[in-house]
Amino acid sequence: MTATLLPTSDADPFGPEILEDPLPFHADLRDAGPVVHLSRYDVYAMGRYEHVHAALRDWQGFQSGAGVGLSNFRTEPPWRPPSLLLESDPPRHDAPRRVLAGILAPRELRRLREGWSAVADELVDALLAAGDEFDAVPALAEAFPLRVFPDAVGIPAEGRENLLPYGDFLFNAFGPHNDLVAAAAHRAPELGAWVNARCARDVLAPDGFGARIWAAADRGEITAEQAPLVVRSLLSAGVDTTVQALATVLHALATHPEQWRRLRAAPQLARVAFDEAIRWGSPVQTFFRTATTDVRVGDTVVPDGRKILMFLASANHDPRRWTDPGAFDLSRDPSGHLGFGFGIHQCVGQHVARLEAECLLTALARRVETIEIAGPTRRHHNNTMRAWGSLPMRVG
Amino acid sequence: MTDPGDALRVTAKDVVADGVVVLTLAHPSGARLADWTPGAHVDLHLPEGTTRQYSLCGDRFDAHTYRVGVLREPAGRGGSAYVHDVLAVGDTVGVGGPRNHFPLVPSERYLFVAGGIGITPLLPMVRQADLLGADWTLVYGGRRRGSMAFLDELQSHGDRVHVLPEDRHGRLDLPRWLGEPCDGVAIYCCGPGPLLDAVESACAGWPEHALRTERFVAREQGAPVRDRPFDVVLARTGATVTVGPDRTVLDAVRDAGVDVLSSCRQGTCGTCETDVLEGTPDHRDSLLGDDERAANDCMFPCVSRSCSDRLVLDL
């Protein structure tokens, strides 16, 4: 077999132009081939669904334990103790994942539904009482998760607003050390210390997710050293990601009035609407993996120890997998999208996010006939998340 | 798209001790299998109609095969005799799970105690403890050396493994191996009932949760596996969908126009969880415990099927 030249791109996927609108770059990436070398960072990249999906499942060949950002923990020290869920491989990954997957299983979340629906109703009622125009990012996408999720974890009420800049820094830190990281680096130690303090056993409410994590440590299912890191995973990846996921689905519905009408006619479509929005808007755009051996993908061998950037968002728009991928369409089956990752590291909190979205969308759909963008929208650039800074909306 | 019920093919059948065969199972298409952790088991839906649970004892770093060890049971009860006498390389068996009710927890030190075929779930645990650099010991009892499986594999672990056949060493001297109660040791025991009882007695003074056991009875499932079509009633509309042997409940329901979100299609992620209003599911997921299965109030339609003629789902 003749060796095929590895396609190379000198684009900067973490630069402001691509962060503002990544879709043209993703199309180029997919067209270039199954694996592309990103020369600016000397990493490999995958943008096609088939290959991203296969690599995410292949924890044996593409490890997370060397970090899921650009930084390679084999050669560079992590900026914080690595996540036991995100940045860990079997066998060390097994016990923390098992504990958290049990606590966040769909069956376990049923008891929260009624309370969260009531909070969503109350939030939307208060918002509508204040007028028919608002910024959906602070008023809904941020407000709702910050009300329900920290309560579910059981952290104290004060200071919860720290969760958003902490999440923003964390997801920036997965990328290169660029201006986005530098701008917030001065606050990272303070935010990290605040978050860590909220993972301690004595501050957590007795009936929350956090207390249940510590109870698992009492039963020996995880160690007492692991317990606060598992709680931290909830605070790190459970709030900012959901905020941006909710903003994404609100934006999708506000810009597709016919889909909003469909949701109003059939509110049980709320879950499908959320997952279709996660596919279409991909709030989590990328994650890195590291080759554990020389791994062949198509005609390319990714050498042992090298970083591979998985473009989840590109895979979610791959026309080889999705019909008319650019359309936000509630009649599509979004099952199998990669917006939550895939395989053993698939987002352990995905069911929580779905429940939050279902409660919020149902509350809106029952009260609001129309929803539309009411002014200039603004993206918030982040190295990993396709985030919203502002979404002015008008409801009628 | 995976086959409904995920039938796997027997690719190898090896005698590893007197009365013990190991089956190697793989997907007919070569597809990757659902991931598992040490201590996990699968339900084998045998062609002759019974379902048996067996621990996975292969290499989890091999994503394409499962290995299970099957002891011929003295009474010649259905499943094991079928596996030993009839099941052949090339045959297919339905597989449910994997599920894990016997997970390896993190610990500085492990004491593994195996009795006979109870070695099967401990084998991957031993490999994992070794990989983690933990301090571990395996005490392995059995009737005769020739009846004890996997001795060749265990040999590479050197003096951490103590092979103690009863015909030469008598019953296991548990107090000797356990020593004095202390913190920081996880004790795992799998084997016949009398051994488990003895270990439980011997561990009476140990810290709570130090001992974890798996009572090694290859449990029969209550209802026979059906290979005939069954009806699924979609309660919200009243529509009825017939599910044939060659498709999943998920696909049948979706073809009828009902949106059901899914993701892994292997019964591991929980996305397609669906309430069951009537009927008895044939559970094949990796998520529900035995009690949750017995409640029969929810199922995962991407892999699970039906034991009854009719299921009513909240869809």
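Letters A, B, ... mirror the listed sequences (proteins, then strands); counts begin at 1.
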One should read off an interatomic distance between A:Ile344 CD1 and B:Trp36 CH2, to the nearest 0.5 angstrom, of 13.0 Å
Using side-chain heavy atoms (C-beta onward) and a distance below 4.5 Å, is B:Leu261 in contact with A:Arg354? yes
- Message: Within the 4.5 Å heavy-atom criterion, are A:Pro90 and B:Thr37 side-chain neighbours or not?
- Response: no
| A:Arg107/B:Asp275 salt bridge by N-O under 4.0 Å criterion | no
When the 4.5 angstrom heavy-atom criterion is applied to B:Pro207 and chain A, the contacting part is neither
All heavy atoms of A:Pro106 vs all of B:Gly270, minimum pair found to be CG-O, 3.6 Å
Rounding to 0.5 Å, atoms CZ (A:Arg219) and CZ (B:Arg212) come to a distance of 9.0 Å
- Item | Heavy atoms of other groups near B:Asp291 CG, more than 12 under 6.0 Å | no
With side chains defined as the heavy atoms from C-beta onward, is the minimum distance between B:Thr271 and A:His351 less than 4.5 Å? yes
Worksheet item: Looking at B:Arg32 and A:Asp58, does any basic side-chain N land under 4.0 Å from a carboxylate oxygen?
Response: yes
Report task. Ignoring hydrogens and angles, state whether a donor on the side chain of B:Gln128 or A:Asp94 is under 3.5 Å from an acceptor on the partner side chain. Result -> yes
The interface call for B:Glu292 against chain A, heavy-atom contacts under 4.5 Å, is side chain
Within a strict 4.5 Å, meaning less than it, do heavy atoms of the A:Phe342 and B:Ser263 side chains meet?
-> yes
Would you call B:Glu273 and A:Arg110 a salt bridge, using N to O less than 4.0 angstrom? yes
Check whether more than 12 heavy atoms from other residues, nucleotides or ligands sit under 6.0 Å from atom CZ of A:Arg92, and answer yes or no. no
Contact list (residues 265-272 of chain A to chain B, heavy-atom gap under 4.5 Å, by number) returns A:Gln268, A:Leu269, A:Arg271, A:Val272
So, the part of B:Arg60 with a heavy atom under 4.5 Å from chain A: the answer is both
Residues passing the side chain to side chain contact (heavy atoms under 4.5 Å, CB included) test with B:Ile187, sequence neighbours excluded, are B:Leu111, B:Leu178, B:Val185, B:Cys203, B:Trp206, B:Leu211
Applying a strict 4.5 Å limit to non-hydrogen atoms, the region of B:Cys298 in contact with chain A is side chain
Scored by heavy-atom pairs under 4.5 Å with chain A, the best of B:His209, B:Glu208, B:Arg236 is B:His209
Most contact-rich option vs chain B, by heavy-atom pairs under 4.5 angstrom, among A:Gly220, A:Ala54, A:Ala95, is A:Gly220
CD (A:Gln346) and SG (B:Cys264) are apart, to the nearest 0.5 Å, by 7.5 Å
Residue from B:Asn100, B:Leu104, B:Leu131 scoring the most non-hydrogen pairs under 4.5 Å with chain A is B:Asn100
Can you confirm whether the side chains of B:Arg254 and A:Ser335 place a donor and an acceptor under 3.5 Å from each other? yes
**Study point:** Atom CD of A:Glu50: over 12 foreign heavy atoms under 6.0 Å
**Key:** no
